[in-house]
There are 2 protein chains.
Amino acid sequence: MTDKKEHIINHAVELFAEKGFEGTSIRDLATKAGVNVAMVNYYFGSKEKLFESMLALKSSYTRGVLDEIAKNKSISDIEKIELVIDSHINKLFLNRKFHRVIHQELMLSKRESLQQAIVDILYPNSLIIRGIIETGIKNGSFKKVDPPLVIATLTGTINQVLLSKKMCNKLLNKEEDYVPYEDAKFSKRVADHLKQLMRSYLLNHS
Amino acid sequence: MTDKKEHIINHAVELFAEKGFEGTSIRDLATKAGVNVAMVNYYFGSKEKLFESMLALKSSYTRGVLDEIAKNKSISDIEKIELVIDSHINKLFLNRKFHRVIHQELMLSKRESLQQAIVDILYPNSLIIRGIIETGIKNGSFKKVDPPLVIATLTGTINQVLLSKKMCNKLLNKEEDYVPYEDAKFSKRVADHLKQLMRSYLLNHS
DNA sequence: AAAAATTAATTAAACGTTTGTTTGATATCA
DNA sequence: TGATATCAAACAAACGTTTAATTAATTTTT
């Protein structure tokens, strides 16, 4: 992947996140990236292939960390969940623009092949978390919960605050121009909430 | 609102939910609704005003029920939360197409005036839930939780399962053509999960 | 009640833009 | 010299929208 291609992709993520795939024109993108309109098709072939290239480049960040947490044998199950929460929030807050883009595409049923590609990016993570939860249940350290829905709660809560600055600020009673995602206090607040929630829900006080 | 306008709006909700605002063409819509292309502009003035009309018509369902739950003095705080969960799931599952549309628009920063209108639709509901939680904390029946983030968890969990059939089915290990949103068993499953989650998190066992 | 006049609804066609994409010429570099 | 990169310009197709003519429905007048 050349510098120029990455440069275009990075601007594409910004625009796709703000205006959606259909709402972003090649001309907008070319202007913002400071290149000629023809360069996008020259490098990527088409707007849709540009999107696929973006997926391929930006989805690489997902794997790895979660796996290590799951395999770690020196920490308890609930500590694993807490580490998962921390790393997940960290990752999603940092890559929130890209995350917004794939969330959009996941909701739409145009371009269904891309939908499958996005599921393939997101699903492995949920599988790992599921493994931790089910192990905890077998161990007797966790209560008998509904693992898929616990995952929906974890990711759903983070998505809920991540996907709309306007709604998030309204919910938190913050002023309009506050950017919660760049405030370490806020990401810690979300993490603390989820950790306490999971502790009280998962742990078996027997 | 005439029958014809409502008829067009109902088809617009379907298409907007599937393909997004930019991804839906007036010609697609006219064909699907069985009317001439010119009728959309004749009745609504423009594509954007059609969207606003849709907002005005379809957002009416939101208010009312939650208010009654909050005011009810013959049930406990946790029972109020459980009723909120039931009515919320019921409402969102029934109106999931419309909910998907406003969720999309909330994520994008094109047409910011519409964003504000959507926040104004969603926010009052969260205020009522917040009131219940804060009352519970004052009563001593609830632990000292972070009310805005509890709301984010409630709505986020429901959104997470609601916004992508493909992802939802993958998470639940269901086959591709299963429609969870029309299965009463599934909505009960989500409701049970959220109720147990909230019970163990909110209740003060002192 | 019938006829005329007025308003509303519907249509096919066209309008001007914008869209993604391609071309062919020119510049840059190896 | 040959390959790669960049450019302004043009392309056809699709877009939201408007027009002008026609039909349907409603109201007014006789």
Side-chain angles (χ1 to χ4, degrees), chain A residues 1-57 101-102 104-105 108-115 117, chain B residues 1-57 101-102 104-105 108-115 117:
Chain A
M1 177 83 57
T2 66
D3 284 357
K4 201 103 193 186
K5 287 179 86 170
E6 285 200 37
H7 176 250
I8 293 175
I9 285 179
N10 286 331
H11 284 282
V13 172
E14 295 260 333
L15 280 177
F16 287 161
E18 280 174 27
K19 321 200 177 204
F21 181 78
E22 324 278 346
T24 301
S25 75
I26 303 278
R27 282 170 182 81
D28 278 352
L29 171 56
T31 304
K32 182 163 184 185
V35 300
N36 188 277
V37 262
M39 297 313 291
V40 175
N41 287 278
Y42 175 74
Y43 276 121
F44 300 97
S46 70
K47 190 184 176 184
E48 198 151 334
K49 283 180 188 165
L50 159 67
F51 191 94
E52 289 170 26
S53 294
M54 185 209 66
L55 267 194
L57 178 68
V101 173
I102 62 177
Q104 280 168 26
E105 211 58 28
L108 304 176
S109 52
K110 272 192 161 190
R111 299 177 295 282
E112 299 217 12
S113 65
L114 289 184
Q115 261 200 336
Chain B
M1 177 81 57
T2 67
D3 283 358
K4 202 106 194 186
K5 287 180 86 171
E6 285 200 38
H7 175 250
I8 293 174
I9 284 178
N10 286 331
H11 285 282
V13 172
E14 294 260 333
L15 279 176
F16 288 160
E18 279 174 27
K19 322 201 176 203
F21 181 79
E22 324 279 346
T24 301
S25 75
I26 303 280
R27 284 172 181 80
D28 278 352
L29 171 56
T31 304
K32 181 162 187 187
V35 300
N36 189 277
V37 261
M39 297 312 291
V40 175
N41 287 279
Y42 175 75
Y43 276 120
F44 300 98
S46 71
K47 191 183 176 186
E48 198 150 334
K49 283 180 188 166
L50 160 67
F51 192 94
E52 290 170 26
S53 294
M54 185 209 68
L55 268 194
L57 178 69
V101 173
I102 62 178
Q104 279 169 26
E105 210 59 27
L108 303 176
S109 52
K110 272 192 161 189
R111 300 177 296 282
E112 299 218 11
S113 64
L114 289 184
Q115 261 200 336

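Order of the sequence lines fixes the chain letters, A, B, ..., with proteins taken first and strands second; residue numbering starts at 1 for each chain. The analysis underlying the following values was restricted to heavy atoms, covering all of them including side chains, and did not include hydrogens, waters or symmetry mates.
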Closest contact, heavy atoms only, A:K47 versus A:F21: NZ-O, 2.8 Å
Residue pair B:L29 / B:L15: nearest heavy atoms and the distance that separates them: CA-CD1, 3.5 Å
[X] has an atom [atom1]; how far is it from atom [atom2] of [N], in whole Å?
X	N	atom1	atom2	value
A:D28	C:dT18	CG	P	11 Å
B:F44	D:dG16	CZ	C1'	15 Å
B:N41	D:dA20	CG	C1'	16 Å
B:R27	C:dA13	CZ	P	13 Å
B:K110	C:dT18	NZ	C1'	11 Å
B:I26	D:dA14	CD1	C1'	13 Å
A:L50	C:dT19	CG	P	16 Å
B:F16	D:dG16	CZ	C1'	12 Å

Separation between CD of A:E18 and CG of B:L108, rounded to the nearest 0.5 Å: 9.5 Å
Residue pair A:K32, A:E14: steps toward the salt bridge (charged side-chain N to carboxylate O under 4.0 Å, His left out) verdict: CA-CA 10 Å; A:K32 182 163 184 185; A:E14 295 260 333; 3.6 Å; yes
B:N36/B:M39 under side-chain contact (heavy atoms from CB on, under 4.5 Å): CA gap, chis, key distance, verdict: CA-CA 5 Å; B:N36 189 277; B:M39 297 312 291; 3.9 Å; yes
Nearest to side-chain heavy atoms of A:K47, which nucleotide of D:dA8, C:dG20, D:dT19: C:dG20
Which protein N or O atoms sit under 3.5 Å from an N or O of nucleotides 6-10 of chain C?
from, atom 1, to, atom 2, distance (Å)
C:dA9, OP2, B:Y42, OH, 2.9
C:dT10, OP1, B:K4, NZ, 3.1
C:dT10, OP2, B:Y43, OH, 3.0

A:K4 to A:Y43 six-membered ring, cation-pi geometry met (6.0 Å, 45°): no
